[in-house]
2 protein chains.
Amino acid sequence: MTNPGHANKANVTVADFIQIRRGEHLPARIAGQIGKEISEGRIAPGEKLPTEHLLSKTFGVSRSVVREAIAQLRNEGLVETRQGVGAFATDVERRHSIRIEQDNLTDRASFRSLFQLRLPLEIEAAGLAALHHTVEDLTKLDETLGRMSGADKWTDQGIVADLAFHRQVAAATQNEYYLMFLGFVAERIHLAIHAARETAVLEQIVEITIAEHVAIRDAIASGDPVKARNAMRSHLIGAAQRIDLELEIF
Amino acid sequence: MTNPGHANKANVTVADFIQIRRGEHLPARIAGQIGKEISEGRIAPGEKLPTEHLLSKTFGVSRSVVREAIAQLRNEGLVETRQGVGAFATDVERRHSIRIEQDNLTDRASFRSLFQLRLPLEIEAAGLAALHHTVEDLTKLDETLGRMSGADKWTDQGIVADLAFHRQVAAATQNEYYLMFLGFVAERIHLAIHAARETAVLEQIVEITIAEHVAIRDAIASGDPVKARNAMRSHLIGAAQRIDLELEIF
DNA sequence: TCATATAAGGTTATCAGACAACCCTACAAG
DNA sequence: CTTGTAGGGTTGTCTGATAACCTTATATGA
């Protein structure tokens with residue numbers, strides 16, 4: 001919308017790029033500026049970025065720095081580069097890595113969406129864990145439960161242990177992707193709650209839900225996937241209610 | 001005389017379809033190797049990585065490439081660098097982005113794990129889509145179904161349409177994270193099948209499953225989440241069976 | 001005229017070497 | 001014993017060059 005047609009030849013004004021001040025991690029700052037241009041739509045998807053040479057002159061840095069900045073953007077999926085052609089802003093659909101800006105989660109609707117995503121993953125993970133857990137998995141679960149109900153229950157340790165418990169359930173599935181995705185999602189959720197200064201709420205959750213965690217552990221140990229799923233479902237629904245989150249269950 | 005860049009093997013004229021990956025972005029490959037070392041624990045968290053100079057000699061590439069690889073790992077949160085000191089591996093918990101190396105999916109067990117992760121997400125998404133879909137969502141679904149059963153059924157278009165269908169179901173949940181995660185996972189799976197040169201199988205899947213897709217669409221349109229979930233579950237289980245994938249269902 | 005081959009110029013990818021900024025350690029000076 | 005400093009090592013940045021690749025225009029031959 002903002003005159004995207006000038007990337008072809010003799011671009012008059014690349015953008016409102018300002019000269020970089022030295023001091024700390026040049027590539028990251030330049031990547032930030034370019035990324036902002038893309039995120040805010042001033043560089044449309046599919047549009048070609050200025051050449052590295054031109055960018056280096058524009059920012060007043062060497063081409064190495066520009067290259068590293070573009071590499072970072074490419075890694076985040078915001079741009080694609082084609083040798084001999086140039087760098088292009090990508091469609092949102094094609095991004096090949098998942099990244100969640102923590103700021104987004106301050107929005108309650110967004111937070112709820114992430115929790116709603118977590119729900120089926122945790123439930124399925126509990127079921128798979130019931131089928132595939134090893135003796136070591138159970139040992140680790142018990143150890144973590146001990147930390148949760150231990151003397152340091154009211155410190156951050158309890159919260160860390162809660163996170164660790166769910167991570168270990170995911171690990172017990174023996175499925176690397178459950179560990180990867182659930183670890184990622186659960187961590188975002190915990191961080192969001194933490195950032196919202198609702199740690200008191202979290203501690204309360206930890207206290208109330210020790211019994212629920214034990215139930216999950218026992219269900220997994222029993223090897224009954226249905227029982228494990230139900231235990232995890234009850235736990236998560238309860239946890240959501242305790243932070244006034246209304247989920248859709250069916 | 002020891003130029004490692006051109007120290008390749010003699011050109012083999014046989015049709016050996018092993019990837020030569022000459023244009024496969026050197027830094028990404030090196031980042032993958034180093035990242036693997038970290039993920040699999042051969043480089044412990046907190047441990048110092050070899051110096052850039054040593055790495056460049058080890059891999060036989062220039063320092064620029066190694067730097068770009070390390071920058072990528074830093075961006076993914078796997079390493080932290082301190083000027084004048086070195087690069088250090090970080091804890092797994094710290095990672096703030098998810099990335100799946102496509103190579104891993106050539107391994108059938110790994111591919112199955114990803115499919116097993118996709119299962120509950122797709123099912124839940126179908127249920128949520130039944131509740132939250134808009135008129136526009138249904139229109140897009142119908143349009144995509146038309147492309148699947150159209151004349152270009154046997155081209156890549158049919159496969160693209162299949163992917164688009166599932167993406168639109170995810171979009172119909174009105175939950176950005178379902179779109180983000182499912183789009184990501186489903187795309188990996190399709191790429192893996194494609195890379196395995198099983199496109200013929202995929203096309204067969206598309207043909208057989210048009211009816212199943214229509215059933216999913218109708219169930220979503222009916223607004224009954226349970227029905228939508230069942231339709232999606234049947235479809236995915238069938239799709240898995242058609243590529244000889246045995247999933248755990250409960 | 002039309003299709004193909006070739007040349008030219010631009011862009012990214014990689015290389016090589018150098019210097020700057022910064023950190024750590026050890027050792028000398030007080 | 002404390003302090004200062006010199007030295008070496010590492011990452012950060014710069015500069016210039018070459019290779020690989022793409023696009024476009026021109027030439028060539030039927």
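In what follows, chains are A, B, ... by sequence order, proteins preceding strands, each numbered from 1.
Atom CG of A:L26 and atom P of C:dC22 are 12 Å apart (whole Å). One can place CZ of B:R29 at 14 Å from P of C:dA13, the figure rounded to the nearest angstrom. Here C:dA13 presents its P atom at 6 Å from CD of A:E52, a figure rounded to the nearest Å. We find that NZ of B:K57 is positioned 13 Å from P of C:dA16, with the value rounded to whole Å. Whole-Å rounding puts the A:F88 CZ to D:dT23 C1' distance at 11 Å. The separation between B:K48 atom NZ and D:dG9 atom P is 12 Å, rounded to whole Å. The CD atom of B:E68 sits 10 Å away from the C1' atom of C:dT14 (whole-angstrom rounding). One can place CG of A:L49 at 9 Å from P of C:dT12, the figure rounded to the nearest angstrom.
B:H213 and B:H166 have perpendicular rings, their planes meeting at more than 60° on a 0 to 90° scale where under 30° would count as parallel. Below 30°, between 30° and 60°, or above 60°: for B:F181 and B:Y177 the angle between ring planes is above 60°, a perpendicular geometry.
Each of B:S62 and A:V85 was assigned the nucleotide of DNA chain C with the nearest heavy atom; the assignment lying further toward the 5' end belongs to A:V85. Residue order along DNA chain D, read from the 5' end via each residue's closest nucleotide, puts B:P50 first among B:P50 and A:V65. The residue among B:H53 and A:Q83 whose nearest nucleotide of DNA chain D is located toward the 5' end is B:H53.
Open room surrounds NZ on B:K57; 12 or fewer heavy atoms of other groups in view lie less than 6.0 Å from it.
Side-chain N or O atoms of A:D137 include one that pairs as donor or acceptor with a backbone N or O of A:T134 at under 3.5 Å.
Of all non-hydrogen atoms in B:L73 and B:A31, the two that sit nearest each other are CD2-O, 3.5 Å.
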Trace of the side-chain contact (heavy atoms from CB on, under 4.5 Å) decision for A:E143 with A:Q168
CA-CA 11 Å; A:E143 184 186 326; A:Q168 281 159 5; over 6 Å; no
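Closest to the side chain of A:R82, out of D:dT23, C:dA13, D:dT11, is D:dT23. If you check C:dA13, D:dT10, C:dA16 against the side chain of A:R67, the one that comes closest is C:dA13. Looking at the side chain of B:S64, the nearest of the listed nucleotides C:dA16, D:dT11, D:dT13 is C:dA16.
Taking five base pairs at each end of the helix from C:dT1-D:dA30 to C:dG30-D:dC1, the local helix axes there meet at an angle of 10°, rounded to 10°.
A donor-acceptor contact under 3.5 angstrom links the side-chain atoms of B:R63 to the base of D:dG12.
Cation-pi geometry between B:R112 and B:F115 is not met at under 6.0 angstrom from the ring centre and within 45 degrees of the axis.
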